[in-house]
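Report on the structure given below.
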Amino acid sequence: MQNLIASSLKYENGTLNVLDQYLLPHQQVWHECHSVETMKELIVSLKIRGAPLIGLGASLLVAHLAEQGATKAALGAAINELEATRPTAVNLMHCMAALRKALKQSDFVTNIVATAERLFIEDIELCERMATRGAELINSGDNILTHCNTGALATAGIGTALGVIYKAQQQHGNIHVWVDETRPLLQGGRLTAFELERWQVPYTLICDNMAASLMAAGRVDKIVVGADRIAANGDFANKVGTYNLAVLAHFHDIPFYVVAPLTTLDTQTTCGSDIAIEQRSSAEVRGLSGSFGTALWAPTHANVYNPAFDVTPAKLVTAWVLDTGVYDKNDVESGALTALK
Ligand SMILES: CSC[C@H]1O[C@H](OP(=O)(O)O)[C@H](O)[C@@H]1O
């Protein structure tokens with residue numbers, strides 16, 4: 001397999017490495033990964049995260065195992081186990097389905113490697129196309145609010161929603177970003193802030209509960225978020241807290257854009273209520289530990305509700321920005337969106 005390098009995932013000279021996103025921004029630790037068990041742990045613990053990146057990391061591992069001589073049965077089992085690690089993001093299922101198809105070929109090793117390479121390289125190109133299309137929606141001087149992390153750390157390219165922001169900043173030079181810290185795992189405060197500093201994009205970090213008053217004060221011009229799965233009717237799942245923003249945006253008449261590759265559109269899922277929402281551990285809400293130290297704030301045995309995602313109905317979305325184009329509610333209702341698949 002050829003060398004493939006992204007911000008938080010790299011395959012170089014036969015070695016697969018994953019940047020530990022749980023330890024960012026204060027520690028940059030790469031984990032070597034050559035087994036299904038290791039990749040499963042990296043995915044479940046969100047050391048590797050982001051809908052597109054999870055699928056790419058799993059794909060590179062399967063291709064590596066194939067080149068190492070794993071049997072068809074072992075590769076099939078690896079695909080199944082990796083696919084089951086996180087149920088909401090459809091990109092993982094898309095990648096594993098492509099590998100299953102390659103596995104059926106007689107020269108399955110060659111096909112699996114070629115598929116993993118194609119998926120990785122395609123993602124870089126998809127990010128560029130989404131960013132270019134989405135940046136056309138951004139005006140000079142816009143204050144954009146974003147949630148979670150949807151940048152280069154979560155993809156093989158420049159990102160989905162954050163890629164739009166990068167491209168808009170390149171074009172206008174005077175974009176400002178409100179960054180939702182994104183409880184409980186702080187993907188915004190830790191990862192998006194880290195990325196925007198690297199790209200020298202002006203930003204202000206806020207707690208998630210501060211977005212409403214900013215909108216009421218007229219200080220948010222647009223909201224741009226990513227997606228983990230878009231249903232056939234345009235409803236979509238994204239990091240928990242996204243629905244809050246969509247409702248607030250609707251109330252305050254603020255444009256609300258979702259940015260994702262076409263592969264995130266799952267026409268087999270009829271509507272948002274059919275999307276499986278990953279439930280995560282209570283410990284994440286009770287307190288955190290990592291490179292940022294340990295802070296346990298809730299009672300040890302507090303009951304916790306910790307869905308990783310929530311669902312935003314299509315009626316609250318201004319436009320869906322895909323690598324294939326920008327689509328509005330009319331496109332969704334007319335079937336133009338699902339006709340793309
Ligand atoms: C381009 S990443 C899309 C999506 O993935 C993130 O979830 P997680 O951090 O749990 O992997 C978040 O929902 C992003 O919007």
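Just so you know, ligand 1 is whichever comes first in the structure, and atom 1 is the first atom listed for that ligand.
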Show which atoms of ligand 1 fall inside a sub-4.0 Å distance from at least one heavy-atom site of Ala51. 2 (S), 3 (C), 5 (O)
With heavy atoms under 4.0 Å as the rule, classify the contact between Val225 and ligand 1 as side chain, backbone, both or neither. neither
Does ligand 1 have a heavy atom under 4.0 Å from the side chain of Gln187, from its backbone, from both, or from neither? side chain
Does the separation of the ring centres of Tyr327 and Trp320 fall below 6.0 angstrom? no
Does Gln105 use its side chain to pair, donor to acceptor, with the backbone of Lys101 at less than 3.5 Å? yes
Out of all atoms in ligand 1, which are within 4.0 Å of some heavy atom of Leu46? Include the element for each. 10 (O)
Using a heavy-atom cut-off of under 4.0 Å, does the side chain or the backbone of Arg86 touch ligand 1, or both, or neither? side chain
Thr150 versus ligand 1: do any nitrogen or oxygen atoms come within less than 3.5 Å of each other? no
Quick check: Ala154 and ligand 1, any N/O pair under 3.5 Å apart? no
Location of contacts on Ala227 toward ligand 1, heavy atoms closer than 4.0 Å: backbone
Using side-chain heavy atoms (C-beta onward) and a distance below 4.5 Å, is Leu19 in contact with Leu9? no
Among Thr160, Thr146, Thr88, which one has a heavy atom closest to atom 1 (C) of ligand 1? Thr160
On the six-membered ring of Phe256, is Lys222 placed so that its NZ or CZ lies under 6.0 angstrom from the centre and within 45° of the ring axis? no
Has Lys341 got more than 12 heavy atoms of other residues, nucleotides or ligands less than 6.0 Å from its NZ? yes
Test log, rule salt bridge (Lys or Arg N to Asp or Glu O under 4.0 Å), inputs Lys47 and Glu41: CA-CA 8 Å; Lys47 292 183 179 74; Glu41 193 281 329; 2.8 Å; yes
At less than 4.0 angstrom from any non-hydrogen atom of Asp228, what atoms of ligand 1 do you find? 4 (C), 5 (O), 6 (C), 7 (O), 12 (C), 13 (O), 14 (C)
Would you mind checking if Glu333 and Lys329 are paired as a salt bridge, meaning a charged N to carboxylate O distance below 4.0 Å? no
Flag the pair Arg190 and Glu181 as a salt bridge only when some basic side-chain nitrogen lies within less than 4.0 angstrom of an acidic carboxylate oxygen. no
For the 3.5 Å polar cut-off, considering only N or O atoms, please tell me whether Asn238 and ligand 1 meet it. yes
